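Scroll down for the structure; my scribbles are underneath it.
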Amino acid sequence: MKFSIQSSDTNSKARAGVLQTDHGQIETPIFMPVGTAGAVKAVHIPELTKDTHAQIILGNTYHLYLRPGLDIIEKAGGLHKFNGWDKPILTDSGGYQVYSLSNTRKLTKEGVVFQSHIDGSRHTFTPETVMDIQRTIGADIMMAFDECTPYPCDYDYAKNSLKITHQWLDRCINRFDETQGKYGYQQTLFPIVQGSVYKDLRMESAEYIASKNADGNAIGGLSVGEPHEMMYEMTDIVCAILPADKPRYLMGVGTPSNILESIALGIDMFDCVMPTRNARHGILYTDQGTINIKNGKWKDDFSVLDENGTSFVDKQYTKAYLRHLFAANEMLAGMIASLHNLRFYLWLVETARQHIIAGDFYAWKQGMVKQLSQRL
RNA sequence: GGGGAGAUUCCAGAGCGGUCAAAUGGGGCAGACUGUAAAUCUGUUGGCGCAGCCUUCGGAGGUUCGAAUCCUCCUCUCCCCA
């Protein structure tokens with residue numbers, strides 16, 4: 001995997017780059033749609049490629065391991081073959097489930113015992129099994145197994161958790177190095193910085209992660225409820241330490257504004273469920289602000305969905321019609337909204353990239369963030 | 001023509017003397033959601049000068065300290081038999 005920086009902004013730490021994988025290249029900064037169970041909910045693969053212009057999507061180790069199971073994935077020839085997406089895939093390690101399924105799991109030094117959210121059965125995830133699973137899924141980018149700490153999180157817990165995450169990382173790297181991809185293309189492993197909202201822990205972690213000299217580095221444990229300023233502060237501190245010539249991935253972020261602000265801090269990759277989940281809940285993101293299309297005020301607004309939108313749905317459908325689809329519980333509602341939001345997110349990072357290359361990113365970002373905060 | 005059942009807050013539908021501005025569901029209105037246990041979840045849904053008061057349970061009277069709940073008449077629905 002090769003990363004090259006094409007252009008760096010002068011008024012911020014933003015950069016535009018290209019990440020080369022065996023499944024094609026990714027132009028950064030990039031937003032990666034989340035496809036937890038092997039599908040970006042409510043969106044077809046051709047829509048993802050041709051309409052939203054997604055370049056890489058996520059899958060989830062925990063979900064795919066539970067269902068359909070590794071035997072099926074391997075028989076299919078890996079996740080790319082299974083779901084028909086032939087561009088890069090990144091899989092989350094299940095580290096986030098350590099956090100989000102906290103009431104159905106038990107942490108030990110060895111790993112984590114999960115209770116399946118599907119049938120309650122018990123499963124053990126260790127750094128080694130998580131590497132093996134991601135080998136079988138065939139992700140281009142595999143994530144280290146970590147603990148995503150909650151917020152708030154007391155210092156001692158965060159410190160101890162960080163120690164475990166670092167130990168797990170070493171085990172992930174060992175297992176990764178002693179195994180090979182199963183499908184003939186290269187896979188790579190991204191380690192994850194943790195440390196909650198504590199500067200010293202974040203710095204210690206960033207230094208440890210940087211020392212591993214991976215193809216790319218991730219920042220986890222943010223956007224879990226802490227104030228935005230805190231998130232930016234941690235991101236800034238960590239970016240200063242992580243190698244500049246490798247892509248930086250801010251996990252789970254975020255709102256359109258979060259993404260622009262983080263690009264300015266030197267982040268290259270993002271993923272978040274917001275554009276898809278919130279789409280299914282009636283929230284549309286536009287360059288003019290956020291719309292809750294379920295609100296009564298749109299009932300007889302027959303203007304197109306998004307005058308400035310660049311997805312085909314934006315001119316194809318009206319606000320009143322989409323609102324009706326939500327009210328009538330039509331599946332098409334979530335499909336239209338998901339497509340719109342994903343296209344908007346991809347448009348946002350594409351446009352950010354253009355401004356970085358053009359050299360006027362900072363000013364553009366400042367104006368856009370202001371517009372994005374509006375509620376329509 | 002004969003017999004029976006019923007009319008409750010936007011809808012459906014509980015309640016059958018006080019703890020009822022009235023269960024529950026739907027609908028409406030709004031909110032939340034950040035490496036997806038999420039097409040989910042939460043709040044609210046008569047009015048006001050809002051720890052209280054006012055107007056509501058088909059209509060009009062009445063019984064009672066007190067009625068959506070009991071009685072009388074009226075109006076209107078629905079079902080069964082002819």
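Please read these numbers as outputs of a predicted model, since none were measured by experiment. Just so we're on the same page: letters track the sequence lines, and every chain starts at 1.
Here B:rC70 sits opposite B:rG62 as a Watson-Crick or G-U wobble pair (both hydrogen-bonding atom distances under 3.5 Å). Base pairing of B:rC78 is made with B:rG4, judged by Watson-Crick or G-U wobble geometry with both donor-acceptor distances under 3.5 Å. With a cut-off of 3.5 Å on both Watson-Crick or G-U wobble distances, the partner of B:rU24 is given as B:rA12. The nucleotide B:rC50 finds no pairing partner, because no Watson-Crick or G-U wobble arrangement with both distances shorter than 3.5 Å includes it. In this structure B:rU56 sits in no base pair that meets the Watson-Crick or G-U test at under 3.5 Å. With both pairing distances under 3.5 Å, B:rC29 is matched to B:rG43 as a Watson-Crick or G-U wobble pair.
Taking atom C1' in both B:rG47 and B:rA21, the straight-line distance is 11 Å, to the nearest Å. On the P atoms, B:rG52 is 32 Å away from B:rA7, given to the nearest whole Å. When the P atom is used for both B:rU8 and B:rG58, the distance is 6 Å, rounded to whole Å. B:rG62 and B:rU9 are spaced 26 Å apart, taking the C1' atom of each and rounding to whole Å. The C1' atoms of B:rC50 and B:rU36 are separated by 42 Å, rounded to the nearest whole Å. Nucleotides B:rA30 and B:rC78 have their P atoms positioned 37 Å apart, rounded to a whole Å. Remark: the separation of the C1' atoms in B:rG46 and B:rA60 is 24 Å, to the nearest Å. Spacing between B:rU34 and B:rG27 at atom C1', rounded to whole Å, works out to 32 Å.
Within 6.0 Å of CE on A:M203 lie no more than 12 heavy atoms contributed by other residues, nucleotides or ligands.
A salt bridge links A:R175 to A:D132: one of the charged nitrogens lies within less than 4.0 Å of a carboxylate oxygen.
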How would you summarise protein contacts on nucleotides 32-42 of chain B per nucleotide, using B for base, S for sugar-phosphate only and - for none, with heavy-atom distances below 4.0 Å? BBBBBBBBB--
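The aromatic rings of A:W364 and A:H355 sit parallel, their planes meeting at an angle under 30°, below the 60° perpendicular limit. A:H166 and A:Y208 have parallel rings, their planes meeting at less than 30° on a 0 to 90° scale where 60° marks the start of perpendicular. Using bins of under 30°, 30° to 60° and over 60° for the plane-to-plane angle, the ring pair A:W168/A:F145 lands in the parallel bin.
Contact annotation for A:G296: backbone-only contact, meaning every heavy-atom pair under 4.0 Å involves sugar-phosphate atoms and none involves a base.
Dashed line: the shortest gap from a side-chain N or O of A:N295 to OP1 or OP2 of B:rC29 is not under 4.0 Å. For the pair A:R323 and B:rG28, the criterion of a side-chain N or O lying under 4.0 Å from OP1 or OP2 is not met. For the pair A:N292 and B:rA30, the criterion of a side-chain N or O lying under 4.0 Å from OP1 or OP2 is not met.
Counting only distance, with no hydrogens or angles, the side chain of A:Q115 and the backbone of A:G120 share a donor-acceptor pair below 3.5 Å.
With no hydrogens or angles considered, a side-chain donor-acceptor pair links A:Y285 and A:N278 at under 3.5 Å. Between the side chains of A:D22 and A:Q186, no donor-acceptor pair of N or O atoms lies under 3.5 Å.
Looking only at side-chain heavy atoms (C-beta outward), A:Y157 and A:S196 stay at 4.5 Å or farther from each other.
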Distances for protein N or O near nucleotides 43-47 of chain B N or O, under 3.5 Å:
none

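Taking a 4.5 Å side-chain heavy-atom cut-off between Ile, Leu, Val, Met, Phe, Trp and Tyr, the cluster of A:Y185 extends to A:Y183.
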